[in-house]
Amino acid sequence: MNQYIAQLARMGAAEKRTIIGLMSGTSLDGLDIALCEIAGSGMETEVVLKKFTTVPFEEDFKTAIRSIFSKKMVDFEQLCLLNPWVGEKHASIILATLKGWGIDPSKIDLIASHGQTVYHAPKILHGDPVFGNGTLQIGDGDHIAVKTGIITISDFRQKHIAAGGEGAPLAVYGDYFIFSKKGEDRIMLNIGGIANYTFLPGNLDASKIFSTDTGPGNTLMDQFVQKHFDLPYDKDAAIAKQGKVNEALLTVLLEDDFFAKPFPKTTGPELFNLAYVEKCVVAAGQIGISLYDIMATLNRLTAVTIVAAIQKGQEMIGHKQLSIYSSGGGMHNPMIMQHIQSCLPDSSFFTTDALHIHPDAKEAVLFAVLANEHVAGGALEIGGGKAGIPAVTMGKISFPK
């Protein structure tokens, strides 16, 4: 038997596993590294977040990714070269982080690598009748495994698509396993580049779970301030606070078909980008609008589309009293959170800190949970077989040798 297959068998049967979860989102701010100790699987999963950090990416790395990111036409040679290069960069960051933590790589059972999404193409966006859903994450798992010497599980989204999903959101699986609580209906709201949420019923009925993207989270605001203010993001909504919401522009921004589509649905910067904003400014007759007013309006767009999606979820489940647990970069934006809370007065608001998971670490932790499920669990029916939540384990395994 291959030594690594035997190692996986022992790992799956062990009481607990030490797994590094990795996440690099569309903001390209850095690589999230979550060192997790995970026992059990499925609804018996228990996670202890031992360490967490975000290692900022260097400018040359971000520039290289942006040369192909969310573009229909790219330099194919560049894409080919970036796939292993990103994997090697991530591996170097992991090794340096472990060294800084004083942890030998041999103590790590698995790496769970989300990779770097460079294009997301669900059928509801591309609309081509010939093709189904598609998505592409680079940062090859083989390169991570070989350079670190650690078995790596990666490319999680392809199995989701192969089984009938759109490749996102994947948070629903980990959310159900580690955040469900009997007697409390919960919304796990993540505001990353794109915002999404999972509904977790308090009766623990897996058939009642649903998960969906809501629309833009930080992506439009990040792109806008990077271009016009030479800043990575609008810290504490400092720029948006200087403007006023332009109702005419907001109305046009909300007219996109995506917002009317049924759950579950996914999207990305392929739709919500600066070209979309510029088109809407013209359509709204707001040429010459101040940059600050545009930022205030984009901020409100994120908030109102999150609220609308949660209110639609409330209608689906038949009541309004929910506990909403936030995570992701957008939860640090006071304008977004204040508007959401004011529009949902019957709900209680927390961050995932209240559930012992650092809010900025949540997505990296969830990929560690998916890797744990891959080796120690099995397919669990979630959502009652509804479209978008296939009952599958996800990820491809890469051996170091």
Side-chain angles (χ1 to χ4, degrees), residues 26-27 66 69-74 117 119-129 133-134 166 168 191-196 212-234 237-312 329-330 333 335-336 338-340 342-343:
T26 56
S27 64
R66 286 172 181 152
F69 180 70
S70 297
K71 296 179 179 179
K72 285 189 175 183
M73 303 294 291
V74 300
T117 297
Y119 206 88
H120 187 57
K123 193 177 185 73
I124 65 169
L125 291 187
H126 68 70
D128 190 321
N133 298 312
E166 292 187 351
I191 311 176
I194 297 299
N196 62 73
T212 187
D213 284 353
T214 67
N218 306 312
T219 187
L220 290 177
M221 294 181 288
D222 287 353
Q223 293 176 59
F224 196 81
V225 297
Q226 287 163 13
K227 177 177 180 179
H228 295 287
F229 294 90
D230 196 27
L231 293 170
Y233 66 101
D234 186 14
I239 296 171
K241 286 178 180 177
Q242 297 180 58
K244 295 182 179 180
V245 174
N246 184 295
E247 296 296 341
L249 175 57
L250 181 60
T251 297
V252 175
L253 289 166
L254 288 167
E255 288 175 352
D256 191 89
D257 289 346
F258 173 81
F259 298 116
K261 293 184 183 297
F263 296 166
K265 55 187 175 182
T266 65
T267 189
E270 295 75 19
L271 170 59
F272 293 113
N273 51 40
L274 292 183
Y276 163 79
V277 176
E278 292 162 2
K279 179 187 70 174
C280 291
V281 168
V282 173
Q286 299 299 310
I287 296 174
I289 182 178
S290 82
L291 299 179
Y292 296 97
D293 287 356
I294 291 178
M295 273 300 295
T297 307
L298 295 179
N299 188 292
R300 183 59 56 84
L301 174 69
T302 292
V304 299
T305 51
I306 289 171
V307 168
I310 292 177
Q311 288 174 333
K312 182 176 179 180
N333 189 303
M335 285 184 67
I336 291 175
Q338 286 165 11
H339 188 78
I340 293 172
S342 69
C343 292

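Please read all numbers here as calculations on a predicted model, not as lab measurements. Side-chain atoms are counted along with the backbone in the values below, which use heavy atoms only and exclude waters and symmetry mates.
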For Thr219, side-chain hydrogen bond (donor to acceptor under 3.5 Å, both in side chains) partners two or more places apart
Gln223
Atom pair CG/CG of Asn246 and Leu298 - distance to nearest 0.5 Å:
10.5 Å
Side-chain polar contacts of residues 247-263 - donor-acceptor pairs under 3.5 angstrom, sequence neighbours left out - could you list them?
| residue | atom | partner | partner atom | Å |
| --- | --- | --- | --- | --- |
| Thr251 | OG1 | Glu247 | O | 2.9 |
| Asp256 | OD2 | Phe258 | N | 2.9 |

Residues two or more places apart in sequence or in another chain: which of them pass side-chain hydrogen bond (donor to acceptor under 3.5 Å, both in side chains) with Asp234?
none
In terms of heavy-atom contacts, does OH of Tyr119 have more than 12 from other residues, nucleotides or ligands at under 6.0 Å?
yes
Within a reach of under 6.0 Å around CG of Asp128, are more than 12 heavy atoms found that belong to other residues, nucleotides or ligands?
yes
Residue set satisfying side-chain contact (heavy atoms from CB on, under 4.5 Å) with Asn133, at least two apart, ordered chain then number -> Pro122, Lys123, Ile161, Glu166
Those residues at least two apart in sequence (or on a different chain) that pass side-chain hydrogen bond (donor to acceptor under 3.5 Å, both in side chains) with Asn196 are none
Nearest heavy atoms of Ala309 and Thr214, plus distance in Å
CB-CG2, 3.5 Å
Which atoms form the tightest heavy-atom contact between Val307 and Cys343, and what is the distance?
CG1-CB, 3.7 Å
Starting at CG of Asn333, measure out to CG of Asn299 and round the result to the nearest 0.5 Å.
4.5 Å
Asn218: partners by side-chain hydrogen bond (donor to acceptor under 3.5 Å, both in side chains), with sequence neighbours left out:
none
Tell me, please, which residues at least two apart from Lys241 pass side-chain contact (heavy atoms from CB on, under 4.5 Å).
Ala237, Pro334, Met335
Between His339 and Ala303, which heavy-atom pair has the shortest distance, and what is it?
CD2-CB, 3.6 Å
Under the rule for ring-ring contact (aromatic ring centres under 6.0 Å, His included), what residues qualify as partners of His126, not counting sequence neighbours?
none
Name every donor-acceptor pair, under 3.5 Å, that has one atom in a side chain of residues 268-275 and the other anywhere in the protein, sequence neighbours excluded.
| residue | atom | partner | partner atom | Å |
| --- | --- | --- | --- | --- |
| Glu270 | OE2 | Ser70 | OG | 3.1 |
| Glu270 | OE2 | His120 | N | 2.9 |
| Asn273 | OD1 | Ala275 | N | 3.2 |
| Asn273 | OD1 | Tyr276 | N | 3.0 |
| Asn273 | ND2 | Pro269 | O | 3.0 |
| Asn273 | ND2 | Glu270 | O | 3.2 |

Ile294 CD1 to Leu220 CG distance, which is reported to the nearest 0.5 Å
11.5 Å
Give a yes or no answer on whether the side chain of Asp213 reaches the backbone of Thr267 with a donor-acceptor pair at less than 3.5 Å.
yes
According to salt bridge (charged side-chain N to carboxylate O under 4.0 Å, His left out), does anything in residues 219-229 pair up with another residue at least two apart or in another chain? List the pairs.
Lys227-Glu278
To the nearest 0.5 Å, atom OG of Ser27 lies from atom CE of Met221 at 11.5 Å
Other residues, nucleotides, ligands: >12 heavy atoms within 6.0 Å of Lys244 NZ
no
Grab the two heavy atoms, one from Ala296 and one from Gly243, that are nearest each other, plus how far apart they are.
CB-C, 3.7 Å
Between Ile239 and Leu231, is any pair of side-chain heavy atoms under 4.5 Å apart?
yes
Side chain to side chain contact (heavy atoms under 4.5 Å, CB included) assessment of Thr26 paired with Ile194:
CA-CA 8 Å; Thr26 56; Ile194 297 299; 5.6 Å; no
State which residues pass side-chain contact (heavy atoms from CB on, under 4.5 Å) with Val282; sequence neighbours excluded, sorted by chain then number.
Ile287
